[in-house]
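First comes the structure, then the notes that go with it.
The basis for the numbers below is simple: all heavy atoms, side chains too, and nothing from hydrogens, waters or symmetry mates. Numbers restart at 1 for each chain; the letters A, B, ... are given by sequence-line order, proteins then strands. Keep in mind that what you see is a predicted model, and the values were worked out from it rather than measured.
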Number of protein chains: 2
Amino acid sequence: MKPRSRRSGGRPTIADVAKRAGVGAITVSRALREPERVSEDLRRQIARVVDELGYVPDPNARALASARADVIGVLVPSLTNNVFAEVVRGIYDGLDDSRLQIQLGNTHYSGLEEERLLRVFLSQRPSALVVSGIDQTPAARKLLEEAGCPVVQIMEIGPDPVDMMIGFSHFEGGRTVTRHLVDAGYRKIGFIGARMDPRSQRRLSGYRAVMERAGLFDPRLITTTTTPSSVSLGRELLRDALAKVPTLDAVFCNNDDLALGVLFECHRAAIDVPGKIGIAGFNDLDMTGVAFPSLTSLRTHRYEIGRRAISMVRATIAGERPEQPVVDLGFELKQRESTARTA
Amino acid sequence: MKPRSRRSGGRPTIADVAKRAGVGAITVSRALREPERVSEDLRRQIARVVDELGYVPDPNARALASARADVIGVLVPSLTNNVFAEVVRGIYDGLDDSRLQIQLGNTHYSGLEEERLLRVFLSQRPSALVVSGIDQTPAARKLLEEAGCPVVQIMEIGPDPVDMMIGFSHFEGGRTVTRHLVDAGYRKIGFIGARMDPRSQRRLSGYRAVMERAGLFDPRLITTTTTPSSVSLGRELLRDALAKVPTLDAVFCNNDDLALGVLFECHRAAIDVPGKIGIAGFNDLDMTGVAFPSLTSLRTHRYEIGRRAISMVRATIAGERPEQPVVDLGFELKQRESTARTA
DNA sequence: TTGTACGCGTTATCAA
DNA sequence: TTGATAACGCGTACAA
């Protein structure tokens, strides 16, 4: 028996399958990728040999020969932020059994890091690219435009997509929450924000728009930091906010982690919620509706965003480009006890 | 000018660099991978041309030629569980600038899915494999043993490593928390558990061991479900537990999500914590120490586990195999208000 | 320290 | 519908 080739470690190759099945290698290749282009007979024959030999195609050889890797590059700003963790879960679940692989990158909320990772990912000739947000650096934007593959910007929508987009308007989200607080009768409504990435900024803009229109705006009501968000930070920011404006009667928290921290601080300081202070969060995590009192929040559809981003990519790859390249998945205000002021 | 080759899309290849630099292709290859083996002069010369041309090596061609991809396959049971999200973050952070890439797989807590993904990953000849836990299926275990690359089992330690291991003993963790509750004077100590994956089971075993030894064990004190863990589930499980044992005076929660749900339910039902019921969690998430009252929990070092798993892999690849193939990172009991009974 | 010849496993191209 | 041939871009083996 001929010794196995030097490097393959004894793994059967497509040539082994072809020989044993008495066909050409290319026919095996086709039987695996486009079965409908191979006759019924050969297809069965080949399938049998593949099973017998335990043949598994080498994705690297495939990528080299076809100049296209079955890989979707995905760039997110954080892996631990529950919001993006759910996006990523949606992305993975959207793969089903599609032979596509995910190449995940963590940009740590840095545009430059995003740009760097984009270059790394691009070197593999990915089948598609998924990036978070719409604030790419000019260089990154150029890379995306010239990527030669479908691109989806997720989590936000905006006027100028590179290719496709799926998300929602954070500005409108900010407006919706703030309007709710105003309608609930709150007047000294503070804004508490951490990290202050572009999406947080736009939520703040929505807050500001509503407050100004209602004649309630006061810059001292805004308490933000670039520190990453956390529950404990929520506590501190509430204390800061109260120090500046002791008459504060509500807070719109940039996200639910902060909101939870604010709630705990209120418990600790024996501040009545929602009587003395109303609390609203953003994203509506699992815990938010369970808290006591339950927290008002804005439900966003991040799992769905991940899933549908992959659907759009797969459709595009299959040649069925979605008629709607920009999808607004919206959000849903969840009014709960934390802003239910008794009149 | 000669037309660009058919498929490469105009990207410069190693041959282009070699020609322009007036050297052989292999010298360029070496200059990039093992600079110390190329003379100072050529190295600089080549670096300049690489910059000029914007040459980026093709990882697929590299993997095909070397029969080894610069990829570490990582299998975790969940992407959204904060504990694993932090492990994954540690893994990514452990990469630094090492040219290694992560191939991430979500097993959804299924041994069969783990086995399937292992086969997929193996087809790429990864440089290393990282898997969660020590309960692989026999077939998966065999695949790992014959993988021909470093393997790290993370999150747990046990007697029979495939190769390397880093984590801690969940049994000991369960014992430590339970012993603390006993020492704090609680007697009717319930166990609340969700998902009940192997690690949860071992925590339960630790609980049981201590309770039996203290003569306090009663099967009715155990309330578990295979439903995935969540804050809301914590509420329900506490209600179930109290329905079974109204005299319950403490609960050891399988994880902090459940503990938070239990805390909220106590607030809602006006049950004094820690006076009437003591609460202890597991993992010590950020929120746990901030809650009101702050929750006792067991701090586990999952970020560190991820980071050091990659360190071990990198050391092994570099030929410096860690002298200690099994690393117990332990844990740390965080006693807080929720179990601080006033005597 | 550098280079030559060849092979890695697959798919694109073109012809039958 | 099928196949022969030539890439794909790089690293290994070996020689100089």
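Side chains of Thr80(A) and Glu86(B): no donor on one and acceptor on the other come within 3.5 Å. When only modelled atom types and interatomic distance are considered, Gln136(A) and Gln153(A) share a side-chain donor-acceptor pair under 3.5 Å.
Going from atom CG of Leu32(B) over to atom P of dT12(D) covers 13 Å, rounded to whole Å. Look at CZ on Arg125(B): it is 11 Å from P on dC8(C), rounded to the nearest Å. Separating the CG atom of Asn60(B) from the P atom of dG11(D) is a distance of 12 Å, rounded to the nearest angstrom. With rounding to whole Å, Ile26(A) atom CD1 is found 12 Å from dC14(C) atom C1'. Nucleotide dT11(C) holds its P atom 10 Å from the CG atom of Asp58(A), rounded to whole Å. Straight-line distance from the CG atom of Leu64(A) to the C1' atom of dG11(D): 12 Å, rounded to whole Å. Nucleotide dT2(C) holds its C1' atom 14 Å from the CG atom of Asp41(B), rounded to whole Å. Between the CZ atom of Arg37(B) and the C1' atom of dC14(D) there is a distance of 13 Å, given to the nearest Å.
Listed by residue number, the members of residues 42-57 of chain B with any heavy atom below 4.0 angstrom from DNA chain D are Tyr55(B), Pro57(B).
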### Task
Let me see the working for Arg11(B) and Asp58(B) under side chain to side chain contact (heavy atoms under 4.5 Å, CB included), right down to the final yes or no.
CA-CA 10 Å; Arg11(B) 257 173 53 177; Asp58(B) 182 326; 4.1 Å; yes
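No side-chain donor-acceptor contact under 3.5 Å links Arg89(A) to the backbone of Leu79(B).
Taking 4.0 Å as the cut-off between side-chain N and carboxylate O, Asp97(B) and Arg116(A) do not count as a salt-bridged pair.
Between Ser66(A) and dA12(C) there is no side-chain N or O to OP1 or OP2 distance below 4.0 Å. Between Ser29(B) and dC10(D), a side-chain N or O to OP1/OP2 separation shorter than 4.0 Å is absent. At least one side-chain nitrogen or oxygen of Arg33(A) sits closer than 4.0 Å to the OP1 or OP2 atom of dT11(C). Between Arg62(A) and dT11(C) there is a side-chain N or O to OP1 or OP2 distance below 4.0 Å. Dashed line: the shortest gap from a side-chain N or O of Arg11(A) to OP1 or OP2 of dT10(C) is not under 4.0 Å. A close approach under 4.0 Å does not occur between any side-chain nitrogen or oxygen of Thr27(A) and OP1 or OP2 of dT2(D).
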Cut-off 3.5 Å, no hydrogens considered: what does the side-chain donor-acceptor table look like for residues 22-31 of chain B, sequence neighbours left out?
residue	atom	partner	partner atom	Å
Ser29(B)	OG	Arg33(B)	NE	3.3
Ser29(B)	OG	Arg33(B)	NH2	2.9

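The ring pair (Phe, Tyr, Trp, His ring centres under 6.0 Å) check on Phe84(B) picks up nothing, with sequence neighbours excluded.
Distance from the side chain of Ala65(A) is smallest for dG9(C) among the nucleotides dG3(D), dG9(C), dC10(D).
Looking at which nucleotide of DNA chain C each of Ala61(B) and Ala25(B) is closest to, the 5′-most match is held by Ala25(B).
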